[in-house]
Enquirer: 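Questions regarding the structure given below will be posed in turn.
In what follows, every heavy atom counts, from backbone to side chain, and hydrogens, waters and symmetry copies are set aside.
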Amino acid sequence: MTIPAVPLPKDGSVRTPLDIKLKSDWYFDTKRRTFKSDAGETFSPRGTVPQGTRIVYKVPSAAHADESSLNEHERELRRYMQVILPRGESPANHLRAVRAWPPVEEAHVGPNVSLPKQP
Amino acid sequence: MAKKRKKVVTHTGRDTKAGFVSVDVEAPDIPDYVLVELRYESPVAYSRARFSAPAAAASEAETLNNVLAKYDIETMRSHFGLPSPAIKARVEVAATLPPEPEPKKFVKKGMDTDFIQSGFVQVVPKKSSDAPKIARELNKKGPVWKAFVAPRPVPAAVLNGSQSGSRNFEPSQGYLHSAPNGIGAMEVWSLSGAKGSGITICDIEGNWNRTHEDLPSGISLIGGTVIDELGWKNHGTAVLGEMISIPDVRGTVGISHSAKAVVHPAIVSGVFNTAAAIANATAFLKAGDVILIELQATGPNGKYVAMQFWGDIFSAIAAATAKGITVVEAAGNGDENFDLAVFNDTGLQKDSGAVVVGAGVPPTNYFDNDSSYASIGVPRSRIWFSNYGKIVNVQAWGWHVTTLGYGDAQGGTSQNTWYTLRFSGTSSASPIVTGAVACLQGRAKSKNGSPMTPAKVRNILMSTGTPQEAGPGVPLTQHIGPQPNLPKAMALV
């Protein structure tokens with residue numbers, strides 16, 4: 001049975017990202033737009049996703065904080081990022097490419113969010 | 001000569017004849033009446049003076065008339081103002097119906113809207129004090145589905161004598177009332193701090209009408225981008241109304257109306273990022289404050305699930321609770337069982353520290369949105385759409401909650417005067433619990449000088465709440481937990 005909810009407006013004002021979780025020994029250098037590992041490996045996503053794609057930490061304040069000041073949950077939060085594709089690009093079409101990035105432990109299309117209201 | 005009407009003065013913050021009111025109002029001395037709902041299948045009609053039935057069912061009418069004979073009855077009339085032929089016509093249709101028929105299955109047999117409405121009878125006694133006795137006696141009679149003293153409306157009010165005001169909807173806020181019906185909020189407000197003083201609530205969803213007449217000024221948007229859509233705006237407004245609407249002679253009164261509220265949309269950088277919203281709120285708030293997550297999303301079975309299913313959101317919630325902030329989270333309306341194997345090792349089977357809230361059946365409401373009028377279920381049983389499972393900690397009213405927004409109860413050209421009687425879902429349940437948390441933490445700070453840990457707050461809510469009930473098709477194994485009972489909970493602060 002379909003249960004009605006309050007969906008997002010269909011005007012495209014809210015885009016759906018790809019949500020990714022980094023492997024624990026990788027991080028993203030936001031200045032160089034390159035992933036780096038503790039072992040010295042690097043990976044540039046350039047060319048694997050459309051031009052204009054933004055790759056951002058989900059919680060930048062945790063990502064850029066001194067690790068010693070964070071609790072275990074905040075340290076875990078540092079591993080989550082979003083790949084925000086240019087308007088008009090379907091995230092599902094790019095999921096396979098992003099999953100193949102060496103730093104990525106898991107990736108999925110961002111959740112389809114709604115309000116838990118009954119009509 | 002017409003008798004002069006006397007005025008009845010109700011008192012500040014009391015459960016009155018009209019229902020709960022937070023401030024003094026003067027109501028005219030209008031007569032009480034008993035609203036009787038006849039069973040669909042009872043072939044009983046009525047006139048101004050008595051019930052009647054064909055010979056085969058004469059005893060059914062007689063049992064009702066025997067009750068009326070004990071009292072001085074002013075009149076009886078159709079609650080919906082139907083004419084006498086429509087009332088008489090119900091007898092023929094009723095005689096063909098099986099016990100407790102589902103209206104939509106019998107439309108062709110005449111079970112239409114007129115028929116359904118014809119079963120609602122107003123019995124008006126000459127003495128208002130007889131009304132509860134008549135209701136009590138009629139409730140025991142076979143032809144009656146339900147009889148109760150009709151609620152007394154509170155008149156529209158004028159604020160400061162200078163501007164016309166909205167109606168007072170407080171009497172219909174049954175969730176404020178004592179257990180087992182409500183959470184007993186109004187019973188604890190006299191305790192120092194127990195209206196949520198010193199507590200800030202951050203509501204995370206999409207949009208709000210922060211200039212609504214019944215909300216306090218200064219509700220800050222602390223980050224994110226609002227979703228510019230009326231449905232989202234009404235939703236956020238309704239949520240805030242349950243928790244912090246102003247106690248005065250118009251509109252509603254919030255459960256924790258001395259608490260402060262801030263809001264944060266889950267949209268960050270043009271996409272949903274609920275984890276960021278929670279993290280931003282965590283940075284803004286302090287220990288003892290409360291975050292409310294009023295969102296759901298589609299899970300692996302294609303049904304809505306709670307947001308902590310996703311790892312980043314789970315971690316953000318856990319980080320907030322580790323800092324002493326209580327997180328209240330809607331379980332979602334997916335009719336989903338969180339204990340299924342498909343959810344093993346996900347946030348739906350782990351403890352994030354959040355208080356996860358299911359939707360329970362309120363004591364007096366009905367499904368009435370498909371032109372039928374049927375009972376929604378056993379009070380405090382799981383409403384069919386509510387998600388359930390071991391991580392769902394507590395429940396609250398998930399149907400027809402009176403609050404701000406939408407405009408079905410009071411509309412108008414300005415959204416600032418809109419009210420609803422029909423806010424529903426785990427959406428309506430979660431702010432009730434959030435308000436309860438704010439009351440408890442406000443009390444803890446006032447009494448003990450510091451707030452309780454989120455774990456203690458959750459334990460108190462669960463251990464003192466009014467237990468979940470089973471209902472047809474919704475056994476207790478479909479766990480949504482008890483409904484908060486603030487008077488009992490306050491004893492453990």
Enquirer: Any chance you could measure A:Leu115, atom CG, to B:Tyr304, atom OH, to the nearest 0.5 Å?
Expert: 10.0 Å

Enquirer: Between B:Met307, B:Glu205, B:Lys323, which residue shows the highest count of heavy-atom pairs closer than 4.5 Å to chain A?
Expert: B:Lys323

Enquirer: How long is the span from the CD atom in A:Gln82 to the OG atom in B:Ser269, to the nearest 0.5 Å?
Expert: 7.5 Å

Enquirer: Pick whichever of A:Thr16, A:Asp19, A:Val14 has the most heavy-atom pairs under 4.5 Å with chain B.
Expert: A:Val14

Enquirer: Under 4.5 Å, heavy atom to heavy atom: which of residues 47-77 of chain A reach chain B? Give them by number, or say none.
Expert: A:Arg54, A:Lys58, A:Val59, A:Asn71, A:His73, A:Glu74, A:Glu76, A:Leu77

Enquirer: Heavy-atom pairs under 4.5 Å with chain A: which of B:Thr426, B:Leu295, B:Ile278 has the most?
Expert: B:Leu295

Enquirer: At what distance, to the nearest 0.5 angstrom, does NZ of A:Lys117 lie from CG of B:Asn333?
Expert: 10.0 Å

Enquirer: Name the region of B:Phe314, side chain, backbone, both or neither, that has any atom closer than 4.5 Å to a heavy atom of chain A.
Expert: neither

Enquirer: Between B:Ala279, B:Ala276, B:Ala318, which residue shows the highest count of heavy-atom pairs closer than 4.5 Å to chain A?
Expert: B:Ala318

Enquirer: If I measure from the heavy atoms of chain A, does B:Ala330 come under 4.5 Å with its side chain, its backbone, both, or neither?
Expert: side chain

Enquirer: If you count every heavy atom of other residues, nucleotides or ligands that lies below 6.0 Å from B:Asn344 atom CG, does the total exceed 12?
Expert: yes

Enquirer: Side chain, backbone, both or neither: which part of B:Lys303 has an atom under 4.5 Å from a heavy atom of chain A?
Expert: neither

